[in-house]
Structure formats: C-alpha cells, structure tokens
K.L.:
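What follows is a structure written as structure tokens; I'll ask about it next.
In what follows, every heavy atom counts, from backbone to side chain, and hydrogens, waters and symmetry copies are set aside.
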Amino acid sequence: MKLYRSWLPGVITLVLIGLCSSGPLTNAQPKKDAKPAEPPVVDAWRIEEPWRPSFADVLNAKAALAGQTPDQLALANALRVLANRAEDSAKAAPQHRLATIPELGAKGADLTLAPELALRLAALLRGGFPATGTLTAETLLFLNSPAWASGSRYSLALLDLLVCDAVCARQDSEFVTLQAKAMARAKDTCTRLNWTSKEPAAAPNAAELCELACEALCRRFASGRDWVSQPAAGWEQVVDSLCARVRARQALWPEAAPDPADAGACARAMLWLGALLSMAMQEGTTDAAKGKLARRYAPAVKSVQREAESAFKKPDVRIDQDGAALLALFTSDMEPDSCKPLQDHLARRLPGYFAAVDFTSSGLNLASALGWVTENPPLALPEEIAKTYLPAAELGDRHYVAQLSLSLLGHCGGLGPCAPRTPLGTPADFNNWSRALAVLDAANTKSLQDQIGVAIERAVGWLKKQQCADGTFQGGYSARLGGHCLNVLALLDAGVPKDDACIRKALAALPALETGLPPGQLDGPVYGYAVALLMFQKLYEDDQVAAQVLEATGPDAYNKATAKVWRRLKPEHRKLISKMVATLTADSHGYGWSYFGLATKDGTAAGFGDNSWRDNSNSQYAVMGLKAASLLGAEFDREILAAEARRLIRYYKPDASMPAIRVKLEGAEDKKRTGADRTDSIVPGGWDYLSATGEAAAASAAASANTGMTAAGVSSLVICRDELQLHGKLDPALKSNIDLHIHGSLHWLGARFGYRYIRGTQMARVYAEGWGKYYDMYSLERAGVLSNVRHMAGVEWYVEGARLLVQTQQADGGWPDIVGKLQTESASTPDIVDQCFAILFLKRAVVPVTSKPVITQGD
C-alpha cells in the first residue's frame with residue numbers, strides 16, 4: 001500500500017524556483033547525539049537507483065518546460081500522475097507508478113467495478129488531457145459499461161452524469177461520436193432517478209446532507225444539459241425548509257457533522273450545505289433570490305458563510321484535502337462576495353497545488369461519503385482490526401486517485417456545466433511536458449538512503465520519549481532485562497553516543513532489573529542474557545575497532561585482540577558477562593536452547609517449562625549472544641557452536657513444492673566433496689519454530705518452515721561458521737554443509753517471503769510483544785547482512801523492507817502494527833519491541849562476523 005506521495009511536493013517547486021541540482025538530496029543535518037551514517041562497504045549494503053536522471057537529463061527537462069506557465073505545469077503534473085503512463089516513469093522513476101491503478105486505457109472505467117477510475121476519467125477529460133487513443137478508448141469503455149444509478153442514490157448518479165458532462169464539454173473532433181453516446185447515457189440515467197424530492201423529517205445527518213447536495217448537483221446537470229423533459233417537483237420546498245432551519249439555528253446543526261472528533265467535519269458539512277444552496281440558485285424551477293424563498297435564502301447563505309469562514313480559520317482544518325473539489329460549487333453569483341475568500345484561497349494555492357498537497361494525510365471523507373472508492377477484493381479482516389490498522393487514509397492508490405481527481409475537478413469547475421474545455425496542448429506537447437516532469441520528479445526525490453536516515457533519526461526521537469524517570473522504558477517487555485537491553489541496543493545502533501544522558505540512565509537501571517520468568521510473559525535467562533550481551537558488544541564496539549578484532553584471521557591473532565577488549569571492560573560488566581556466558585554454555589550437548597537455558601534431551605517437550613523444550617528462536621539469540629561475548633573477549637568452548645550447526649542441519653526442512661537448486665561452493669575441501677565444478681544441489685527450505693522431534697524423517701513431516709525461523713537458522717549457521725573458523729575448529733565437511741544449507745535457506749526466503757500480508761487471508765498470529773512482522777523483518781535483516789547478500793532468489797530484501805518502513809512511519813517517528821496484530825496491553829502502552837526491531841532493520845544492525853564476505857559465490 002502507498003500511504004503518501006512524498007515525491008510530489010518538489011516537482012513544481014523545482015521548476016518554478018529553478019533549482020539546479022540533478023543528484024539526490026543530501027541527508028538532513030544529523031542531531032548532535034547521532035553519528036553520521038557510514039557509507040556501505042560491502043555488496044550487501046549497496047542501494048542502486050538506476051532511475052535517477054543525470055545532470056544533462058535535468059537540464060533538458062527544464063528546457064522543455066521553460067515556456068509554460070505555473071498553472072500549466074501544475075495542471076500537466078496532475079494529469080500525468082492520474083494517467084499513470086508507463087513511458088513517464090519507465091526510465092525516470094519506476095517506483096513512483098501507482099501500483100494498483102492501471103494505466104489510462106488499460107482497463108475500462110466501469111462504475112460497477114472501479115468508480116475511482118470513472119472519477120479519474122472525468123478529471124482527465126475536464127482537466128484537458130489531450131485526445132489520445134488511450135483517453136478515447138477508456139471513454140468508450142465507460143460509455144458502454146452498465147448503468148449504475150437507480151432510485152434515490154443521487155451520489156451514484158452524480159458520478160455517471162459527471163463523466164457524461166465532461167465528455168460533452170470537450171471540443172476535440174475525436175469526441176463528436178462519443179458525445180452522442182454520452183447524451184444518450186445521461187438521459188437514460190436521469191430516467192432512473194426519482195426526482196420527487198422529499199423534505200427530511202428531522203435535521204439531516206451527514207449522509208442525508210451529502211445526498212441532498214448530490215441531488216442538487218444532479219438537478220444542475222440535468223437542467224443545464226436538458227437531460228430531463230419535465231421539471232422536478234418538491235425541490236423548492238426542500239430548499240425552503242433547509243434555509244428555515246439554518247436561519248433558526250444561526251449555525252449548522254451538530255447532527256450534520258460526520259464525526260465530532262474530526263476537526264474538519266463541520267467545515268466539510270458547511271461545504272455540502274453551501275454547495276446545495278449554490279445549486280438551488282442555478283435550479284431552473286427555483287428562484288431562490290426572489291419570491292417567498294428570498295426572506296430565508298439570503299440569511300441562510302450568510303449564516304453558512306460565517307460558519308465556513310470560522311471553520312476554515314482553525315489551524316487543524318485542511319480544506320485542500322477534503323474540500324477543494326467543493327469550492328467550485330460556490331459560484332460567483334451566489335451572493336456576490338460570500339464565497340470569494342474560499343475561491344481566493346484555492347487560487348493562491350494553484351501554482352503548486354497539484355504538486356505540493358499530500359492528498360491522503362487527512363482522510364478521504366469526500367470520496368468515501370460519495371461511495372466513489374471501492375476495495376477490490378474487499379477486506380476480510382475483522383472489523384475492529386480493519387478500523388484500527390487499516391484506516392481510510394492508508395488504503396492505497398485508488399483512494400489517492402479519487403482525492404486527486406476531486407481536487408482537479410474543483411480547480412477546473414468540473415462539478416457542473418461550464419464553458420467547453422480545450423485540451424492542454426497537443427498530444428506531442430503533453431508527451432514532452434509529462435516526460436520532463438517525470439525527470440524532475442525523479443531528480444528531486446530523496447534517495448532511499450536519505451529517507452532511511454531521516455526515518456532512523458525520527459525513530460530515535462520517539463524511542464527516547466518512552467524512557468521513564470528511573471531510566472527504564474515503557475512497555476511490558478521493557479521492564480525485563482532483555483527488553484530493556486533491546487531498547488539500549490537499538491539506540492546505540494542508531495548512532496546515539498554511549499555518553500548520551502538517555503544511555504547513561506538506562507545503564508544505571510540495569511542492576512535493578514529481574515532476569516527470571518515474569519508471570520504470563522515468555523522471557524527468561526536466554527533471551528535476557530543474549531540481548532544484554534548484544535548490547536554490551538555494541539557498547540564496547542569502539543574498543544573492538546581499536547583492537548582490530550575483525551581484522552584477525554587466526555586463533556592467536558583473534559584471541560590476542562579480544563583479550564585487549566576484555567581488559568577494557570568495566571569490572572562489573574566483566575562479572576555480569578561471565579555469568580551470562582556460563583548460563584548459555586552450561587552443557588555442550590547440541591540440543592539447542594529453551595527459555596531457561598540448554599535443553600536436556602533431543603525429543604518432544606510437553607511445554608515451554610519442560611527441560612527438554614527448545615526452539616529455534618531462543619537458540620538463535622543464544623548463538624548471537626555467544627558471538628557478542630566472543631568479540632568482548634569472554635572464554636567458552638566453541639564446540640557448543642559446532643553442535644548447534646549440526647543440529648540445524650539435521651532439522652532443515654526442504655520445501656517439496658520447490659525444485660532443487662545448484663550451489664557453487666568455494667574452498668579447497670569443497671572441490672574434493674562436490675567434483676571439479678565445485679557445485680552441489682539442495683532443495684530450498686528452512687526451519688520451523690520447535691523442530692519438535694529428534695528423528696529427521698519425522699521432523700520433515702512436522703510443521704513447515706516459516707520466515708522468522710528460517711532467517712534465524714541462516715544467521716546462526718553463519719555465526720557458527722565464523723566462530724569455528726576463527727578458532728581453527730571448522731571441519732571441512734561441516735563447513736560445506738553449512739554453506740549449502742545457507743544457500744538453500746536464502747533461496748527459500750527470497751521466493752516465499754513478502755513484507756506485506758495479502759489482504760483477505762487469515763493470519764495466525766501469537767498476540768505477544770515482539771512477535772510478528774517486525775520480528776520477521778529483523779530476523780531477515782540479520783540473515784541478509786551476515787550472509788552478505790543483496791538479493792535472495794532475485795529479491796532485493798533490504799530495499800523492499802526499508803521502503804515499506806519509510807512509507808509507513810508515522811509523523812511522531814513510530815510505526816503502526818503492519819500485520820494487524822492486536823496488542824495485549826492498553827493503548828497507552830506502546831509496543832516498543834516492534835519499534836526497536838524496525839530501527840535495527842533499517843540500520844542493518846547485527847553482531848559482526850569476519851570483515852570478509854562469508855558467502856563468496858555472489859548473489
């Protein structure tokens with residue numbers, strides 16, 4: 001889902017003020033407590049943007065647009081985005097296409113299937129999109145589509161009449177035949193409506209007021225184009241009654257506001273009422289300025305004007321998003337100056353309007369109220385989850401198209417019969433402008449790396465605000481050792497210096513944290529100790545760099561370097577680290593880890609408190625913790641890591657639905673094992689959560705592999721391989737097996753994993769802190785960085801995930817729950833665990849292995 005269009009704001013601004021920069025924007029100035037981002041040093045860290053134009057491309061684009069006025073450029077930009085033309089973005093910025101919206105002409109604007117595309121068609125016709133083959137083709141498809149209106153659903157009829165009117169307003173010769181079809185369709189639509197208006201029994205609610213305004217618009221179309229032969233009855237009485245009610249109350253009645261908590265609700269309702277009164281004056285059978293209506297009509301108009309002016313003076317009411325289309329309905333002949341301030345507001349915004357507005361930031365009340373936006377397929381999530389995690393402002397491209405279309409129609413007066421519309425230049429002219437705008441769009445788009453830097457900085461600000469006075473953090477898991485250390489780890493990895501006040505307070509709170517199992521929460525020494533070790537490794541990273549730990553290539557050099565680091569640790573930290581390592585290495589039997597330590601046997605456990613319980617989640621954290629301890633200089637027997645590598649290989653689950661792949665292995669011993677070409681085959685696969693039995697055959701028939709655990713298996717294998725190699729204990733056969741299973745797992749991850757769950761599917765999810773999509777993303781990040789791969793089965797895993805996080809970050813720097821997982825705690829307690837996982841993903845933060853690539857055969 002694309003939740004906003006951050007790329008639009010700079011397009012017109014760049015053209016108008018003559019910016020000369022052709023490259024990506026530079027990073028925002030980092031805060032004093034954040035280190036500048038270091039440049040990528042390995043292939044896995046490379047972010048390529050081949051669409052970014054050259055300096056010459058930018059100069060040529062500016063030259064192509066030099067003769068156009070600001071109004072023309074703003075209009076052309078809106079039209080090019082709505083048309084969604086492949087030729088505009090194939091070279092310049094392909095990721096800026098509207099992913100769920102077809103290119104103009106590629107799909108019929110059938111009202112029954114996609115009303116937002118019919119609305120787009122009306123906007124393109126009225127906005128002056130040239131009469132290309134794609135425009136006329138889609139117009140013909142619409143005119144041949146089934147009629148939509150019936151009875152008293154004036155909002156549905158309005159969209160039909162709106163498109164027909166837009167066709168009739170064109171002067172291009174290509175539309176002569178189509179105009180006859182549009183007239184016939186419009187007349188047929190009018191015959192389906194019940195034109196006998198009835199006065200509401202009580203003060204209209206929001207929906208009724210909307211329908212009344214739509215009825216007024218339908219009447220205006222019908223009378224203006226002579227689409228009805230008989231004048232409708234009852235309308236004058238309806239207008240008279242509404243005027244009387246407004247006059248009596250001297251304000252808009254509260255019932256008309258869609259949502260009292262919505263700051264713009266009253267303003268939008270005012271626009272609907274103002275539109276209705278404006279249309280009443282245009283109505284041929286109602287003379288609102290004379291006769292018996294005059295005494296009520298004029299005071300009602302003044303009351304609406306006062307309320308509208310008051311509403312739109314409030315800083316939290318944004319007419320640009322929700323009311324721009326309705327401004328066109330406040331015509332100049334409705335009380336000469338009553339609507340001029342609102343019309344002037346739109347006129348002042350025009351030069352950058354269609355480039356600078358975030359049309360989804362404040363919801364889609366207008367399009368939603370009219371029923372002009374649909375979801376196809378419809379959401380199948382429980383209603384309470386859909387409301388919480390899929391609000392209307394975040395439902396994707398079709399909503400964006402509806403909002404932009406309404407704003408475009410408001411600008412060009414397309415919500416009522418007006419003067420004929422001429423195209424914006426010839427098709428050739430428009431092609432040149434559109435492509436040039438796409439080039440400038442791409443040039444002025446921040447690079448993904450820049451956007452990531454800003455997102456991390458904002459996320460750090462959010463996380464710091466969650467710290468309590470005693471140095472701990474909000475959130476259930478944050479009260480435990482592991483959760484607390486995870487917060488500190490995320491801040492350190494994000495670049496916050498270790499002498500920052502926030503870090504100092506957090507470290508001071510460490511001794512007071514319990515490490516046992518809290519009631520009702522899956523936490524114990526393994527998770528807590530492992531994350532604490534990761535935090536200490538990051539805390540003393542400068543000492544590791546100074547000792548050149550990662551440059552060591554053999555046991556003697558590595559032990560000498562880590563011994564220097566160990567001497568630099570604070571005594572209390574050495575003591576705690578030694579205690580943690582002793583717990584994680586109490587026995588080297590190779591059965592994995594449980595919540596409380598090493599499992600005692602290789603078999604099925606009755607529950608997570610059973611001594612034989614072990615799972616691949618606990619086990620991966622234990623392995624990472626031991627690697628962190630190794631870098632700090634702690635001593636332990638590396639045979640426990642060799643046993644863990646063999647256990648993972650034993651429990652690897654091939655995916656029977658996928659064909660085997662050939663893997664090229666590097667190294668002298670691999671040549672002896674696999675033949676002269678050094679290749680071997682493996683069926684892609686991975687690991688599940690439990691690996692619940694010691695029998696390999698039975699394990700294959702058990703639960704299938706999943707994303708988080710497969711990524712965990714990869715990172716554990718890489719770490720085991722690295723530690724064993726550094727200490728001269730890597731058996732050649734085990735090394736080959738490790739490499740082979742790493743490749744099979746990476747291929748499975750790329751082929752099977754997506755960052756967005758498919759809408760409408762059932763999502764089995766444990767509703768616990770730190771378990772869900774963010775957990776999976778953090779696991780995938782570790783697998784990708786440790787393996788030093790940019791692609792997994794052709795998927796650019798980091799770019800896709802980082803783009804999703806950048807797009808979905810909230811204004812306060814936090815992230816919503818991506819998967820629709822309900823939190824178990826109150827809304828006042830943030831899910832800090834997910835926040836930390838998101839930061840760690842963006843930073844590609846993982847306990848380091850050898851500085852040379854671990855996987856040597858490439859992507």
K.L.:
Start with the C-alpha distance between Leu481 and Tyr529, add both sets of side-chain angles, then the distance that settles side-chain contact (heavy atoms from CB on, under 4.5 Å), and finish with yes or no.
P.N.:
CA-CA 8 Å; Leu481 177 66; Tyr529 287 176; 3.9 Å; yes
K.L.:
Nearest 0.5 angstrom please: Cys836 SG to Phe841 CZ, how far?
P.N.:
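If I round to the nearest 0.5 Å, the distance is 15.5 Å.
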K.L.:
Looking at CG of Leu842 and CG of Asp493, how far apart are the two atoms once the value is rounded to the nearest 0.5 Å?
P.N.:
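The CG atom of Leu842 sits 11.5 Å away from the CG atom of Asp493.
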K.L.:
Do side-chain atoms of Gln809 reach the backbone of Ala455 as a donor and acceptor pair under 3.5 angstrom?
P.N.:
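Yes; judged by distance alone, with no hydrogens or angles, the pair exists.
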K.L.:
Can you see which heavy atom on Gly801 is nearest to which on Met777, and at what distance?
P.N.:
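What the structure gives for the nearest pair is O-CE, 3.8 Å.
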K.L.:
Counting distance only, does the side-chain N/O of Gln835 pair as donor-acceptor with the main-chain N or O of Leu463 below 3.5 Å?
P.N.:
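Here the side-chain-to-backbone pair does not exist.
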K.L.:
Mind checking what makes salt bridge (charged side-chain N to carboxylate O under 4.0 Å, His left out) contact with Arg647, not counting sequence neighbours?
P.N.:
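For Arg647, the residues satisfying salt bridge (charged side-chain N to carboxylate O under 4.0 Å, His left out) (neighbours in sequence not counted) are Glu644.
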K.L.:
For Gly750 and Val795, which heavy atoms make the closest approach, and how far apart are they?
P.N.:
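Minimum heavy-atom separation between Gly750 and Val795: O-CG2, 3.2 Å.
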K.L.:
Does the side chain of Leu632 come within less than 4.5 Å of Gln544's, by heavy atoms?
P.N.:
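Gln544 vs Leu632: side chains touch.
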K.L.:
Would you say the side chains of Asp655 and Trp748 form a donor-acceptor pair under 3.5 Å?
P.N.:
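The answer is yes; a qualifying pair exists.
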K.L.:
Within the side chain of Ser745, is there an N or O that forms a donor-acceptor pair under 3.5 Å with the backbone of Gly686?
P.N.:
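Not a single qualifying donor-acceptor pair exists.
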K.L.:
For a 4.5 angstrom cut-off between non-hydrogen side-chain atoms, does Leu576 reach Phe536?
P.N.:
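Leu576 reaches Phe536 side chain to side chain.
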K.L.:
Can you check whether Val454 reaches Lys446 side chain to side chain, under 4.5 Å on heavy atoms?
P.N.:
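Val454 vs Lys446: side chains touch.
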K.L.:
Can you tell me if Gln537 uses its side chain to pair, donor with acceptor, with the backbone of Ser630 under 3.5 Å?
P.N.:
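Between the backbone of Ser630 and the side chain of Gln537 there is no qualifying donor-acceptor contact (under 3.5 Å).
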K.L.:
Quick one: does Ser787's side chain get under 4.5 Å of Val714's, heavy atoms only?
P.N.:
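They are in side-chain contact.
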K.L.:
Rounded to the nearest 0.5 Å, what separation is found between the CD1 atom of Ile456 and the CG atom of Leu805?
P.N.:
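These two atoms lie 10.0 Å from each other.
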K.L.:
Quick check: do Leu631 and Leu550 have side-chain heavy atoms less than 4.5 Å from each other?
P.N.:
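Answer yes - side chains close enough.
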K.L.:
Answer yes or no for Arg638 and Phe636: cation-pi contact, defined as NZ/CZ to six-membered ring centre under 6.0 Å and angle to ring axis within 45°.
P.N.:
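Flagged: Arg638 positioned over aromatic ring of Phe636.
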K.L.:
List the steps and the verdict of side-chain contact (heavy atoms from CB on, under 4.5 Å) for Lys735 and Leu724.
P.N.:
CA-CA 9 Å; Lys735 181 260 183 191; Leu724 294 171; over 6 Å; no
K.L.:
Taking the side chain as every heavy atom from C-beta outward, state whether His741 and Ile682 have any atom pair closer than 4.5 Å.
P.N.:
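His741 vs Ile682: side chains touch.
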K.L.:
Specify the closest pair of heavy atoms between Ala557 and Ala552, including all atoms of both residues, with the distance to one decimal.
P.N.:
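Between these two residues, the closest heavy atoms are C-CB, 3.7 Å.
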K.L.:
Assess whether side chain to side chain donor-acceptor pair (under 3.5 Å) is satisfied between Ser478 and Asn487, documenting all intermediate values.
P.N.:
CA-CA 8 Å; Ser478 296; Asn487 296 326; 3.1 Å; yes
K.L.:
Which atom pair, heavy atoms only, marks the closest approach of Ser716 to Leu648?
P.N.:
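Heavy atoms of Ser716 and Leu648 come nearest at CB-CD1, 3.6 Å.
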K.L.:
Drop me the distance from Leu641's CG to Arg646's CZ, to the nearest 0.5 angstrom.
P.N.:
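Taking CG in Leu641 and CZ in Arg646, the distance rounds to 11.0 Å.
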K.L.:
Under the criterion side-chain contact (heavy atoms from CB on, under 4.5 Å), I'd like the reasoning laid out for Tyr595 against Val526: C-alpha separation, chi angles, the key distance, then a yes or no.
P.N.:
CA-CA 6 Å; Tyr595 285 97; Val526 172; over 6 Å; no
K.L.:
When the ring planes of Tyr621 and Tyr775 are compared, do they come out parallel, tilted or perpendicular, using 30° and 60° as the limits?
P.N.:
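Tilted, since the angle between the ring planes falls between 30° and 60°.
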K.L.:
Does the side chain of Leu534 reach to within under 4.5 Å of the side chain of Cys485, using non-hydrogen atoms?
P.N.:
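No. Closest side-chain heavy atoms not under 4.5 Å.
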K.L.:
If you apply the rule side-chain contact (heavy atoms from CB on, under 4.5 Å), what do you find for Met792 with Leu780, and how did you get there?
P.N.:
CA-CA 10 Å; Met792 297 180 185; Leu780 194 78; 3.9 Å; yes
K.L.:
When rounded to the nearest 0.5 angstrom, what is the spacing between CG in Leu486 and CZ in Arg480?
P.N.:
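Going from CG on Leu486 over to CZ on Arg480, the span is 14.5 Å.
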K.L.:
May I ask you to test the His747-Val663 pair for a side-chain heavy-atom distance under 4.5 Å?
P.N.:
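No - every pair of side-chain heavy atoms lies 4.5 Å or more apart.
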K.L.:
Is a side-chain donor or acceptor of Thr562 paired with a backbone partner of Asn559 at a separation under 3.5 angstrom?
P.N.:
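Looks like yes, one N/O pair under 3.5 Å.
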K.L.:
Can you give me the closest heavy-atom contact between Ile661 and His743, atom names plus distance?
P.N.:
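Between these two residues, the closest heavy atoms are CD1-O, 4.2 Å.
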K.L.:
Of the options Gln548, Glu551, Glu723, which is the one that meets Tyr558 in a side chain to side chain contact (heavy atoms under 4.5 Å, CB included)?
P.N.:
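Passing option: Glu723.
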K.L.:
Show the nearest heavy-atom pair for residues Leu786 and Ser715, with the distance to one decimal.
P.N.:
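Residues Leu786 and Ser715, closest heavy atoms: CD1-CB, 3.6 Å.
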K.L.:
When you measure from the side chain of Tyr652 to the backbone of Gly685, do you find a donor-acceptor pair of N or O atoms at a distance under 3.5 Å?
P.N.:
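Pair found, side chain donor or acceptor close to backbone of Gly685.
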K.L.:
Would you compute the distance between atom CG of Leu734 and atom CG of Leu717 and round it to the nearest 0.5 angstrom?
P.N.:
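Answer rounded to 0.5 Å: 8.5 Å.
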K.L.:
Between Trp566 (side chain) and Glu635 (backbone), is there a donor-acceptor pair under 3.5 Å?
P.N.:
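No, Trp566 side chain to Glu635 backbone: no donor-acceptor pair under 3.5 Å.
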